[in-house]
Amino acid sequence: MASVGPSAASTQPALPSGPAVFKTIPYAFILPEILCGTWVWILVAATSVSSPLTQGWVMYVSLTSCLISLLLLLSYLLGFHRNSENWKVLDSLYHGATAILYMSAAVLQANATIISEFDINAPLNYQLNSAASFFAFLTTFLYILHAFSIYYQ
């Protein structure tokens, strides 16, 4: 009978805790996701909202995602996961769903940018909306990278 190597559980990489979170892919994406998402809602809040329903959704997605990602980051920093594999599933599902929501918000924000081009206060609002669109698409890309890179650990 051939000898059996280490168990499957020990071959899985350990989930990071503490400062190691910032050095481990995909968990190192959490802080940039929070920072870019924060820029989205700050920039949208700074504009004179031309379409409240559209930009309200952008604000909701960006603010909610920032808060949940911050809680997730704190849970990794404090080691609440206790190296459970269920946290990888939770992390992947959260980031995948958030990537889809952020993509919808980014497209709506791009539409609001186009609408604001012909507004009375065009230069400032257009620039703020353009920056918000850029950060919304960047944040979407970060969430997609995070969701997919969990599978390649």
Side-chain angles (χ1 to χ4, degrees), residues 12-81 84-153:
Q12 294 290 329
L15 294 173
S17 292
V21 170
F22 300 114
K23 300 174 188 172
T24 309
I25 300 290
Y27 308 102
F29 292 133
I30 296 176
L31 190 59
E33 291 164 2
I34 294 169
L35 294 176
C36 290
T38 302
W39 272 113
V40 171
W41 61 267
I42 288 172
L43 290 166
V44 171
T47 66
S48 64
V49 176
S50 58
S51 53
L53 189 60
T54 299
Q55 290 184 300
W57 175 250
V58 175
M59 290 289 289
Y60 173 76
V61 169
S62 61
L63 188 57
T64 304
S65 300
C66 282
L67 293 175
I68 294 173
S69 293
L70 183 62
L71 289 174
L72 192 62
L73 177 64
L74 289 174
S75 67
Y76 280 123
L77 286 173
L78 299 175
F80 288 148
H81 54 75
S84 171
E85 287 299 311
N86 294 333
W87 277 83
K88 280 187 177 181
V89 174
L90 171 79
D91 192 85
S92 179
L93 289 175
Y94 165 70
H95 282 88
T98 305
I100 293 168
L101 294 175
Y102 240 110
M103 180 58 80
S104 71
V107 168
L108 290 174
Q109 180 57 38
N111 184 44
T113 302
I114 294 168
I115 292 170
S116 72
E117 184 177 10
F118 305 108
D119 195 14
I120 295 170
N121 301 325
L124 180 61
N125 282 331
Y126 181 72
Q127 291 168 355
L128 290 171
N129 280 321
S130 296
S133 295
F134 171 77
F135 280 108
F137 281 107
L138 180 62
T139 308
T140 302
F141 180 66
L142 288 170
Y143 276 105
I144 290 170
L145 277 178
H146 189 125
F148 281 113
S149 62
I150 289 176
Y151 294 113
Y152 299 110
Q153 277 187 322

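If you take OG on S75 and CD1 on I30, they are separated by 7.5 Å, rounding to the nearest 0.5 Å. Note: L101 CG to S62 OG = 11.5 Å, rounded to the nearest 0.5 Å. Here the OG1 atom belonging to T140 is positioned 11.0 Å from the CD atom belonging to Q109, to the nearest 0.5 angstrom. L90 CG to L72 CG: the interatomic distance, rounded to the nearest 0.5 Å, is 6.5 Å. Interatomic distance, T98 OG1 to M103 CE, rounded to the nearest 0.5 Å: 13.0 Å. Atom CG in L70 sits 4.5 Å away from atom CG in L74 (nearest 0.5 Å).
Between the side chains of S116 and N125, no donor N or O sits under 3.5 Å from an acceptor N or O. Of the N and O atoms on the side chains of S133 and T113, at least one donor lies less than 3.5 Å from an acceptor on the other residue.
Of the possible donor and acceptor atoms, none in the side chain of S92 sits under 3.5 Å from a partner among the backbone N and O of K88.
Closest non-hydrogen pair, W57 versus S104, comes out as NE1-OG, 3.1 Å. Nearest heavy-atom pair across L43 and A132 is CD1-N, 3.6 Å. Here the closest heavy-atom approach between residue F137 and residue A110 is recorded as CE1-CB, 4.1 Å.
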Listed pairs under 3.5 Å, donor-acceptor, residues 33-40 side chains, sequence neighbours left out:
from : atom 1 : to   : atom 2 : distance (Å)
E33  : OE1    : H95  : NE2    : 3.0
E33  : OE2    : H146 : ND1    : 3.3
T38  : OG1    : I34  : O      : 2.6

Does the side chain to side chain contact (heavy atoms under 4.5 Å, CB included) test come out yes or no for Y94 and Y143, once each step is laid out? CA-CA 9 Å; Y94 165 70; Y143 276 105; 3.8 Å; yes
